[in-house]
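Both ligands and their constituent atoms are indexed starting at 1 by order of listing.
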Amino acid sequence: MNSLVTGRRLARELGEWRSSGPAYRALADRIRVLLLDGRLSSGTRLPAERELSGALELSRTTVAAAYSKLRDDGYLASVRGSGSIVILPGRERGEHTGGNGLPLDFTKAITSAYPGLAAAYSDAVEVLPGYLGHDGFDMVGLPDLREAIAQHYRDRGLPTSAGEIMVTTGAQHALNLVTVSLHSAGERVLVEQPTYPHALDTFASVGARMLSFPVSADGGWDLAEAVLQIRRAAPSLAFLMPDFHNPTGMSMTIAEREHLTAAAAREGTVLIADETTALLDINRGEMPPLACFSPGVVTLGSLGKIAWGGLRIGWIRAPRDVLARILRNRAAQDLGTPLLEQLVATALVRELPVLAASRSRELLVRRDALVGLVRRHLPEWDVRVPDGGLSLWINTGTVSTSALALAARAEGLGLVAGPRFGLDGAFERFLRLPFGHEVEQLRDAVEILARISSRVGPDPLRMPQQAVI
Ligand SMILES: Cc1ncc(COP(=O)(O)O)c(C=O)c1O
């Protein structure tokens, strides 16, 4: 069955969609951006023309013309009995290319594979025969890998035993397992705003009622607001990235960690600390994991950013009783993580300080290159320099980044518009610009941005009143 987006919901997601061109085209373009960056999933049924025209206070002819343009461009199909369904054409899905088909893919904040990875795979293949006598199904993970992960936490000052670790197929899988296990219907979930988009997807998939509190690249976490929300709404879960928050790159101070964990413990809110990006330290220095401050914190980890996303190895660190609950839910999702990858991961986790040091050197050069390029070519954009992570979270001031993403796509540059990182269309003028790419690619991307940003912006709604009419 196709999911449905109501007129009111779509109007919220569309945000400030108007531009200086004809309204039907601006509307079609914005629906296309929502589809391209995942705010609308392929196969979603759009509201009837009459319903959307009511929600947008727009003539039905304009909505009909927008739908007709989307249909002509291959983004909308009429299905008998199901109305109009948005679809992502094969070329946009990047079929046959493995990516999104664009020469410069800045839609993901990722790194290239760790140079020692191929050798780690070869070594793993060598020891593999020793494991083939067992059935290979294991829902908590290889004992050696769990022990190596536990040791990694002990090295960071957090007492941990292998029994508190479950190996997963990446951190996204870990988040999904935690969410289906710890969230019940009707409960609330507190998220940072902006946040990691697929966390929003996960919480939306269980029908969570989401609340948010702000994080910014200049001010960090609005903890007063977070504590207020926890006290008022007693969310069952709160999802946080205390170490190199995606997308802002911020990290919490010790005092902030203490304050937040104390507030959550008082109200019984379980904090999910996503540490997928925690080892991407460029020039901050060691910081104790959030779980050091409260034993109930559920921590997610991954080798995705530090070693390679394609390895698909992540984990959950949680109190044993919580892990037992998660284990009861796992069989419905999968029956374990592939063995060869766990063997590769065991060697890599034992070497994490070496991997982190090598990433840090690489990211320092790339971050500084991107900051310099943006400041030179787009001086009006407000760029803050994060201490770690993989991206800049830029306030463009006036540019509609949904329109920018569409224009960039036409130039072969894939971007994700700011609102994908927030709830209800927030961050239209913000852009996440990943710096994990090689400097040459960073240069090409910024040159494209400099060329198109004057064409796209400034956003007409930010212009003096007469320009809006
Ligand atoms: C904050 C955060 N959590 C989780 C993930 C997903 O990690 P994995 O590739 O291990 O599933 C990402 C990847 O972008 C991320 O940035």
Check: To which protein heavy atom is atom 5 (C) of ligand 1 closest, and what is the distance rounded to 0.1 Å?
Finding: Y196 OH, 3.2 Å
Next item on the list: Could you list the atoms of ligand 1 found under 4.0 angstrom from a heavy atom of G170?
Entry: 10 (O), 11 (O)
Check: Are any of the N/O atoms in S302 less than 3.5 Å from those in ligand 1?
Finding: yes
Next item on the list: Step through the shown structure and confirm whether more than 12 heavy atoms of other residues, nucleotides or ligands are within 6.0 Å of CD on E438.
Entry: no
Check: Which heavy atom in T396 sits nearest to a heavy atom in L431, and how many Å separate them?
Finding: CG2-CB, 4.3 Å
Next item on the list: Would you name the heavy atoms of A174 and T168 that are closest together and state the gap between them?
Entry: CB-OG1, 3.6 Å
Next item on the list: Check S302 against A171 and note the closest heavy-atom contact, atom names and distance.
Entry: CB-CB, 3.7 Å
Note to self: Check this for me - ligand 1, A109, N or O atoms closer than 3.5 angstrom, yes or no?
What the structure shows: no
Margin query: Would you say that more than 12 heavy atoms from the other residues, nucleotides or ligands in this model lie under 6.0 Å from the CZ of R232, or not?
Written below: no
Next item on the list: Could you tell me whether D274 and ligand 1 have an N or O pair separated by under 3.5 Å?
Entry: yes
Item checked: Shortest non-hydrogen separation from L14 to R30 and the atoms involved -> O-NH1, 2.9 Å
Note to self: Among all protein heavy atoms in this structure, tell me which lies nearest to atom 16 (O) of ligand 1, with the distance rounded to 0.1 Å.
What the structure shows: N246 ND2, 2.9 Å
Next item on the list: Report the part of M241 in contact with ligand 1, treating N, CA, C, O as backbone and CB onward as side chain, heavy atoms under 4.0 Å; options are side chain, backbone, both, neither.
Entry: side chain
Next item on the list: Specify whether F430 and W393 have parallel, tilted or perpendicular ring planes, treating 30° as the upper limit for parallel and 60° as the lower limit for perpendicular.
Entry: parallel
Next item on the list: Please state whether R312 comes within less than 4.0 angstrom of ligand 1, counting heavy atoms only.
Entry: yes
Item checked: Identity and separation of the nearest protein heavy atom to atom 8 (P) of ligand 1 -> A171 N, 3.4 Å
Check: Of all heavy-atom pairs between T107 and V416, which one has the smallest distance, and what is that distance?
Finding: O-CG2, 3.3 Å
Next item on the list: Return yes or no for this condition: an N or O of T277 is under 3.5 Å from an N or O of ligand 1.
Entry: no
Check: For ligand 1, which atoms, with element, lie under 4.0 Å from some heavy atom of K305?
Finding: 12 (C), 13 (C), 14 (O), 15 (C), 16 (O)
